[in-house]
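Here's the structure, in structure tokens; my notes come after.
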Protein chains: 2
Amino acid sequence: MKEGPIKSSIRPLINYFNNLIPLNDKEQDSVFTYFVPRLYRKRQYILQEGDTCAQFNFIVSGCLRMYKIDEKGNTHVIYFATENWWMIDLGSFYSKKPSELNIEAMEDTMVLQISYDNLTTLYMQAPKFNRIFRVLIENSYVALQKRLLQNISSTAEERYLAFIETYPHLINRLPQLQIASFLGITPEFLSRLRSKLSKQNP
Amino acid sequence: MKEGPIKSSIRPLINYFNNLIPLNDKEQDSVFTYFVPRLYRKRQYILQEGDTCAQFNFIVSGCLRMYKIDEKGNTHVIYFATENWWMIDLGSFYSKKPSELNIEAMEDTMVLQISYDNLTTLYMQAPKFNRIFRVLIENSYVALQKRLLQNISSTAEERYLAFIETYPHLINRLPQLQIASFLGITPEFLSRLRSKLSKQNP
DNA sequence: ACTAGATCAATACTAATTCTTGATATTATT
DNA sequence: AATAATATCAAGAATTAGTATTGATCTAGT
């Protein structure tokens, strides 16, 4: 018997959880119950500045970016997320206050979403998820801290090289414009960096 | 790279209402209170099949289309709406049942939205809006009936000519693909119609 | 004064979308 | 049965949107 398209889109999440901490059948059922799949199209907002972030998102396929628009109207990419990553404005989600951030689909993207209330229910029904989400957020925290450190301590060139190391799969998947915005430099400068580097290592 | 913030321009809606039936200050205040601006980007869904239509939408700028996907996977445009028009799946909105229709942005589109509950409150606070919304829906009804009649009684060529008459501002604003889908013909056939017509009136 | 980087404007390149055309089929009408 | 209206499929052509590069010039911090 083959699973319907919706059920099968939950598989990657079950696998992800099992990989962190194995789930029993009842726990897997809870995942099926509380996470709902949703497709976003390229350029579509998952979260828009001013709205409250109401969902925890797990990415099944595609790519999202979280960014902030500053007073001058410039955008700064906070992070990209692809398959098997999470995307959420935690601050807004827990405080239930309007977000200052935007989340947008870079490609058509399938996510699995759980609402605040359902997440709370999930924690009560299956306390193991407290552990799972703790671990998962710790992972994100570490990545974030690494990125901060990287950012305050390196030149643009170093940051770009580190980006290539850390996210080789993103280099050809994202426009350089976006990568520049992630690195905190202008697209022009990134272009120059790249041409300089390719002259050095032909 | 700039992606400006959402400007809250409720003015066009106030003007629209005043044009139908003049509002007093208190009534204008209610409009400011209950309608909230929201920006949709090109290709973004305002309503997706299966979701419940939770908002009455007034279009400040841009263009939306409502369409249905049939069993064969073909899409049929029910209508387009631009500046100063309304867009909603009334059936889903009032029944609170999942919609079979889709609403999608053809361009970046700014809308003013009011939810079911807020609309109810508005009606109670300012009964004049009952009259306003009655008139407004009557207008839409008339347009719809005209379109139906057009559709069952004319050839594709006649429908196309009528479209040009009725929506001259849409002809160059929308891809022919979409116009074909509105007229209920294939884009290829529309293309042939057009070239035939332009040979007749050079 | 030098380096890392920004800004602005022009141009080049690439990919996505849209439009047209030809060949051939289907369906409804007379 | 013949004809007009319209669909389908496939291939190219044309257009537009999005992205990348380059040159010239500017600025802030060592």
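Throughout, protein chains are lettered first and strands after them, A, B, ... in sequence-line order, and every chain is numbered starting at 1.
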Between B:E107 and B:R41, is the closest basic N to carboxylate O distance under 4.0 Å?
-> no

Could B:K128 and B:E27 be called an ion pair, given the rule that one side-chain N must be under 4.0 Å from one carboxylate O?
-> yes

Look at the side chain of [X] and decide which nucleotide, out of [options], has an atom nearest to it.
{"X": "A:S191", "options": "D:dT21, D:dA10, D:dT19", "value": "D:dT21"}
{"X": "A:I185", "options": "C:dA6, C:dT20, D:dT21", "value": "C:dA6"}
{"X": "B:R159", "options": "D:dT21, D:dA24, D:dT6", "value": "D:dT6"}
{"X": "B:R192", "options": "C:dA9, C:dT18, C:dT21", "value": "C:dT21"}
{"X": "A:T186", "options": "C:dT7, D:dT8, C:dG5", "value": "C:dT7"}
{"X": "B:F189", "options": "C:dT18, D:dA20, D:dA7", "value": "D:dA7"}

Separation of [N] [atom2] from [X] [atom1] (nearest whole Å):
{"X": "A:N172", "N": "D:dA20", "atom1": "CG", "atom2": "P", "value": "11 Å"}
{"X": "A:L177", "N": "C:dT7", "atom1": "CG", "atom2": "P", "value": "13 Å"}
{"X": "A:E157", "N": "C:dT3", "atom1": "CD", "atom2": "C1'", "value": "13 Å"}
{"X": "A:L197", "N": "D:dT21", "atom1": "CG", "atom2": "P", "value": "12 Å"}
{"X": "B:K196", "N": "C:dG22", "atom1": "NZ", "atom2": "C1'", "value": "18 Å"}
{"X": "B:L193", "N": "C:dC19", "atom1": "CG", "atom2": "C1'", "value": "14 Å"}
{"X": "A:N151", "N": "C:dA4", "atom1": "CG", "atom2": "C1'", "value": "15 Å"}
{"X": "A:I171", "N": "D:dT19", "atom1": "CD1", "atom2": "C1'", "value": "15 Å"}

Considering just the side-chain nitrogens and oxygens of B:Q176, establish if one lies under 4.0 Å of OP1 or OP2 belonging to C:dT17.
-> no

Side-chain N,O (A:T155) to OP1/OP2 (C:dA4) below 4.0 Å | no

Please figure out whether A:S154 or A:R43 has its closest DNA chain C nucleotide nearer the 5' end.
-> A:S154

Would you kindly check if the NZ (Lys) or CZ (Arg) of A:R192 is within the cone defined by 45 degrees around the ring axis of A:F189 and under 6.0 Å from the six-membered ring centre?
-> no

Hey, does the Lys NZ or Arg CZ of B:R147 hover above the aromatic six-ring of B:F163, less than 6.0 Å from the centre and inside 45° of the axis?
-> no

Is it true that the side chains of B:Y16 and B:W85 contain a donor and an acceptor less than 3.5 Å apart?
-> no

